[in-house]
Amino acid sequence: MAFTKEQIYDRLAKEAAQRFSLKAEKVSPNLNFAKDTSADSIDVVELVLEVEDEYNMEIPDEELDSLTTLQKVVDYVYVHQA
């Protein structure tokens with residue numbers, strides 16, 4: 001079953017808020033993991049692993065550098081979902 005962008009966003013926004021201890025109103029599509037959170041590289045890897053598990057996909061290491069915002073992750077998942 002393919003998910004809509006809205007469904008993917010809602011799930012990932014909730015996960016990002018929880019993982020990075022952000023209030024829901026601080027989470028937006030433009031949320032930049034490096035600039036807008038206290039995330040370190042381990043936090044980002046854990047989020048990627050969560051996304052891979054949740055959406056049954058593998059995100060190649062060379063793609064990680066381009067997934068800098070919540071919207072970019074949502075778009076990636078939407079296009080590459082199984």
Side-chain angles (χ1 to χ4, degrees):
M1 176 181 123
F3 295 95
T4 66
K5 278 191 178 185
E6 184 176 333
Q7 290 171 318
I8 296 166
Y9 175 83
D10 289 345
R11 171 70 180 99
L12 293 181
K14 183 178 177 182
E15 178 65 29
Q18 181 180 347
R19 181 168 301 279
F20 303 122
S21 301
L22 301 171
K23 293 184 180 187
E25 59 269 11
K26 296 287 185 184
V27 178
S28 74
N30 295 326
L31 177 74
N32 184 299
F33 301 114
K35 295 177 184 176
D36 301 329
T37 72
S38 58
D40 61 20
S41 59
I42 293 172
D43 293 324
V44 174
V45 168
E46 288 175 347
L47 179 63
V48 168
L49 292 173
E50 180 74 27
V51 168
E52 289 178 335
D53 287 346
E54 180 79 18
Y55 295 100
N56 194 30
M57 65 173 46
E58 187 171 326
I59 301 173
D61 291 343
E62 47 287 348
E63 296 285 343
L64 294 179
D65 289 341
S66 67
L67 302 178
T68 56
T69 67
L70 183 56
Q71 188 63 53
K72 287 180 181 180
V73 175
V74 169
D75 292 342
Y76 184 91
V77 170
Y78 182 75
V79 169
H80 295 91
Q81 63 185 319

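Heavy atoms only: backbone and side chains are in, while hydrogens, waters and symmetry mates are out. We count residues from 1, following the sequence as given.
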d(Gln81 CD, Gln7 CD) to nearest 0.5 Å is 9.0 Å
Does Glu63 have more than 12 heavy atoms from other residues, nucleotides or ligands lying within 6.0 Å of its CD? yes
Here the gap from Asn32 atom CG to Gln71 atom CD, rounded to the nearest 0.5 Å, amounts to 13.0 Å
- Treating Ile, Leu, Val, Met, Phe, Trp and Tyr as nodes and any side-chain heavy-atom pair under 4.5 angstrom as an edge, say whether Val45 and Tyr76 lie in one connected cluster. no
What's the verdict on side-chain contact (heavy atoms from CB on, under 4.5 Å) for Val74 and Ile8, showing C-alpha distance, side-chain angles and the deciding distance? CA-CA 6 Å; Val74 169; Ile8 296 166; 4.0 Å; yes
Mind checking whether Asp10 and Phe3 have side chains closer than 4.5 Å, heavy atoms only? no
_Side chains of Val51 and Leu67, heavy atoms from C-beta outward: is any pair under 4.5 Å?_
no
When rounded to the nearest 0.5 Å, the distance separating CG of Leu70 from CG of Leu47 is 8.5 Å
Shortest non-hydrogen pair, Val27 vs Ala13, comes out as CG1-CB, 3.7 Å
Quiz item: Between Met57 and Leu49, is there a shared hydrophobic cluster once you connect ILVMFWY residues whose side-chain heavy atoms come closer than 4.5 Å?
Solution: no
Should Leu64 and Asp61 be marked as a side-chain contact (heavy atoms from CB on, under 4.5 Å) after you check the CA-CA gap, both sets of side-chain angles, and the distance that decides it? CA-CA 5 Å; Leu64 294 179; Asp61 291 343; 4.0 Å; yes
Residues Lys5 and Asp75: closest non-hydrogen pair is NZ-OD1, 3.1 Å
For residues 20-44, the salt bridge (charged side-chain N to carboxylate O under 4.0 Å, His left out) pairs (sequence neighbours left out) are none
The complete set of side chain to side chain donor-acceptor pair (under 3.5 Å) pairs with one or both residues in residues 45-54, sequence neighbours excluded, reads Arg11-Glu50, Arg11-Glu54, Arg19-Glu46
Could you label the plane-to-plane angle of the Phe33 and Phe20 rings as parallel, tilted or perpendicular, counting under 30° as parallel and over 60° as perpendicular? tilted
Interatomic distance, OG1@Thr4 vs OH@Tyr78, rounded to 0.5 Å, equals 7.5 Å
